[in-house]
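Since the structure is predicted, the reported quantities are computational estimates derived from the model, not experimental observations. Order of listing sets the numbers, starting from 1, for every ligand and every atom in it.
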Amino acid sequence: MNQTHNAELVVMGNKTLGTLDDRLYGQFIELAGRCVNGGIYDPGSPRARADGVRTDVLEALKAQRPGFVRYPGGCATAYFNWQDLVGPVSERPRARLFRGHGGQAQSTAFGIPEAWALSRELGAELYLCVNANTQSPEDAANLVEYLNSSQPTQYADLRRAHGREEPYGVKLFGLGNEIYGQWQPGQKTAAQYAEWCAEAIRQMKAVDPTIRVAVCGLGRPDPEWDRTVMFRLIGLADMLSMHNYFGRPCFEDLMAASRVCEKFFRATDQIIDEAMDIPLGAHSRAHRELGALPEVTRRPGIAFDEWNLWYRSRHGTPHDVEEVYHYADALALASLMHVILRHAASVDLANVSLAVNTIAPILTDRERMVCQTTWHAHKLIRDAHDRGRVVESVADAPVFKAKHERFFCGIVDVEKARDENLSTLEHFDDVQALDALASISEDRRALRLSLVQKLPDRPLDVTLDLHGLVPASETMTVRRLARDGDVWTENTLEHPDRVRIETATEPFAARFTLPPASLTILEIPIKGEPQ
Ligand code: AHR
């Protein structure tokens, strides 16, 4: 490891990487484990309102100001026909058997109207995942008609019969979930899936041309899936959905999760770039196989609609995949958010997976709730980089060695993780000790810096070069992820505040020291844009 404890950070306010949008900060409530049933919706809890929604959980979700809420899955989507999740609760099937994840009965009481109302209350959009596994393209279009049509037609009338005259106006849809996987009923090949989607998107958009539709991508280990899907759907699909989970039970390795995520985005961007060439292929396969060349009005974006740290808990345990997060995980999560935000130009939406109990930042029992370490990190980054634009920043800092699974490590076997020679591992010699993200507020009056200091055992002296940006005040706001204990400290129901956010006003300084293993946010008032 480089022995210096110094780093330089140059912020280039005139180099925009992307625009910050609320859709980069989504939440995901799945009819899985205790996420919805027994989580946000828990009529038996003394903390629940008359409609069964837990007020404490609702407040914790509100504090994250989500741009959208994904529902009902995840893998759960494949076990629900949309018709089971609408209408009077007494007329819905009582529960469906979610045969994945160890087999669980999941109540249908918190259905689509309830998810829509919750999203509204959170100030968020609803992002509905459609059952492309066991339902038809026709069903998908009927769902859009039910939700969005104001015409006097069968499914819009069904909505009216269910007591709602006004269309819901849901604009975000995903077609299926991880449909490439043998863990899903209705698994399809890329070609079968692409045909299903082509038909569904045409029918869905015939009902409401203003919707935006994401299709399942797979990512790095199998780019052929993405190529096949995008070849068929370029010009039809608006977004390519991607999932990835990260983490390893070693501090340095956890800090390398962002490196794997970075590669994942680069590979996905390349797939989308390739797809953008398809409409140009007048003399090629595109012309032969697609007949008319597709018209593309906008480059498809990435829907990173499942991401998180997930490396200890398993499906089928009594509390299905309920992960307890350490302080170190919170730093890794902040660093992953940096990667997402740095790619804001190509990411249309992103949501941490999931919101409550199941691999989630919020944990509950019947009476109590705890915001885990990762909840605090998510809030720090979400609040720091609110609307505005992400700008380039370059850090020159010491580096260290680490390793990380190449893909979807989630569910890493903790015992196996000790084997350093696994072929699934990628070794890095140069994980930077300082991971910084810079953004400029929408009103152009504040530079926001989030700084993850990744050295576990020593402080880092940072020299800041604002490169033309001029501080407008002698003070700045500093927010920190504070902890009582070491990097493996957790928040628990009994000790909910060991890891927390602390805020202070401090003198502005172009040289400062970041403590070992830390997350610090600086909000620096500035005079205006750099020349
Ligand atoms: O619960 C998390 C699961 O992980 C989601 O259902 C699925 O989409 C992913 O494999």
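- Residue-ligand proximity, Glu178 to ligand 1, at heavy-atom distances under 4.0 Å covers atoms 7 (C), 8 (O), 9 (C), 10 (O).
- In this view, Tyr327 satisfies the ring-ring contact (aromatic ring centres under 6.0 Å, His included) rule with no residue, not counting sequence neighbours.
- If you look at Phe28 next to ligand 1, there are no close heavy atoms at all, none under 4.0 Å.
- Under the 6.0 Å cut-off for aromatic ring centres, Phe304 and Phe265 qualify, their centroids lying closer than that.
- Taken from CD in Gln372 to CG in Asp329, the straight-line distance is 8.5 Å, to the nearest 0.5 Å.
- Taking only nitrogen or oxygen atoms, main chain and side chain alike, Trp183 does not reach within less than 3.5 Å of ligand 1.
- In this structure, Arg159 forms no cation-pi arrangement with Tyr155, as its terminal cationic atom is not both closer than 6.0 Å to the ring centre and no more than 45° off the ring axis.
- Under 4.0 angstrom from ligand 1, the non-hydrogen atoms of Cys75 come from both its backbone and its side chain.
- Proximity to Glu30 (heavy-atom distance under 4.0 Å) selects the following atoms of ligand 1: 1 (O), 2 (C), 5 (C), 6 (O).
- Proximity of Leu354 to ligand 1, defined as any heavy-atom pair under 4.0 Å, is confined to the side chain (atoms from C-beta onward).
- Pairs passing the side chain to side chain donor-acceptor pair (under 3.5 Å) check and including a residue from residues 174-183, sequence neighbours excluded, read Arg70-Asn177, Glu178-Trp183, Glu178-His243.
- Checked by distance only, ligand 1 and Asn177 come closer than 3.5 Å through their nitrogen or oxygen atoms.
- Residues Phe246 and Trp310 keep their aromatic ring centres 6.0 Å or farther apart.
- Defined by atom type and a distance below 3.5 Å, a donor-acceptor pair is present between the side-chain atoms of His385 and Ser450.
- Residue Trp310 approaches ligand 1 through these ligand atoms, each under 4.0 Å from one of its heavy atoms: 4 (O).
- Atoms of ligand 1 found under 4.0 Å from any heavy atom of Tyr245, numbered from 1 in the order shown, are 4 (O).
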